[in-house]
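Note sheet for the following structure.
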Amino acid sequence: MAKGIWVFAEQREGQVKKVSFELLSEGRKVADQLGEELCAVLVGKNVSGLTEAISAYGPDKIYVVDNDALENYTTDGYTNAVSDLVKKYEPSALLLGCTVTGRDLSAQVAQRLETGLMTDCTGMEVADGQLVFTRPIYAGKTIVKAACPEARPTMATIRPNTFAAVENAKQAEVISVESGAGDIRQVIKDIIRQVSERPELTEADIIVSGGRGMKGPENFKLLEDLADVVGAAVGASRAAVDAGWVSHSFQVGQTGKTVSPVLYIACGISGAIQHLAGMSSAKCIVAINKDEEANIFKVADYGIVGDLFEVVPILTEELKKV
Ligand code: FAD
């Protein structure tokens, strides 16, 4: 019988993504309720040193596939490695962060294993002895609870910042698994890194986002100043991206990134359904908009009706004092 709640411990260049720690923390709770083991899966090259950081979040076991061919993420290599592991050990669930890598890998692995996958989840619980996931549908208009009673492993991707990462140090058993990367059709010729001191948008606790109301690319400096005071990432609406003011990597929404920060500050954004689809699960939303009828105020926890060019600099100065 399939047993074990597995968490894919996503790493890049020697750093484990925070979302993996969040999933291990919440995974511990559901594993205890189901009476199953909690295990992490770590894939890459020279990654054994990361097991200590992962152990701090309480897995019983860490399966490690260390292979030169898995140095960089490739769809083929990681799909082969993770699918082979799952076939060998037969966990009952496999959880991944809803990141760029997690989305790609989960779809491929689910297809390879012919199992069920619930994407973009914002909650997880045990009900009637099985894992049940919460996920927004219709661009966030409706929330459903869904389970895959027959499919094993049950697979899900869960948005970063959905759960708290709580340390729960434990001496995990580390199991090195000899596994090939299989045929890898993708060839990585070059990696172009974006240099930024700010946190990655999908992992950030705080996001300051700008829309068409910013009126031009030069005014994003106002948001960057605010972001730097509070350690935030900068995001944007599609209108700002389409206008060429910021790159597409900033875009939040249905056709951009899905974010779930602790605090989302929307500046000059009207709150179109496609934008809300990417950020409405933020724990606290602050909207600054000069139109008091703007849709964004319907989802905002705090609203400031005013000119962002006056409000944002005041906010930045006040927060500097904190
Ligand atoms: P607007 O709707 O033009 O709003 C600008 C706001 O700024 C207004 O509310 C205005 O009152 C306010 N404002 C103006 N000046 C000031 C000022 N000085 N101070 C304060 N407030 C001011 N959009 C996304 O964001 N992300 C997506 O991923 C996305 N995907 C889409 C996919 C599809 C298939 C489609 C059809 C659309 C998609 N859109 C997406 C576009 C979406 O429908 C909206 O057009 C877009 O979100 C609007 O961006 P905005 O709020 O910045 O601009």
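Hydrogens, waters and symmetry mates play no part in the numbers below; they use all other heavy atoms, side chains included. Numbering of ligands and ligand atoms starts at 1, following listing order.
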Flag if over 12 foreign heavy atoms under 6.0 Å of NZ, K221 = no
Ligand 1: protein residues within heavy-atom distance under 4.0 Å | G211, R212, G213, K215, S237, R238, A239, Q251, V252, G253, Q254, T255, G256, G268, I269, S270, A272, Q274, H275, N289, K290, D291, G306, D307, L308, F309
Using a cut-off of 6.0 Å, state whether more than 12 heavy atoms not belonging to Q33 lie near its atom CD.
-> yes
Sequence neighbours excluded and cut-off under 3.5 Å, please list the side-chain donor-acceptor pairs for residues 205-215, or say none.
unit_1	atom_1	unit_2	atom_2	d
D205	OD1	K18	NZ	3.1
S209	OG	G235	O	3.4
S209	OG	A236	N	3.2
S209	OG	Y264	OH	2.8

Which ILVMFWY residues can you reach from I137 by hopping between side chains whose heavy atoms are under 4.5 Å apart?
-> Y138, V144
Please collect all ring-ring contact (aromatic ring centres under 6.0 Å, His included) contacts where either partner lies in residues 280-322, sequence neighbours excluded, each pair once.
-> none
Can you check ring pair (Phe, Tyr, Trp, His ring centres under 6.0 Å) on Y63 and W6, steps first, answer last?
-> CA-CA 10 Å; Y63 293 98; W6 280 23; 4.8 Å; yes
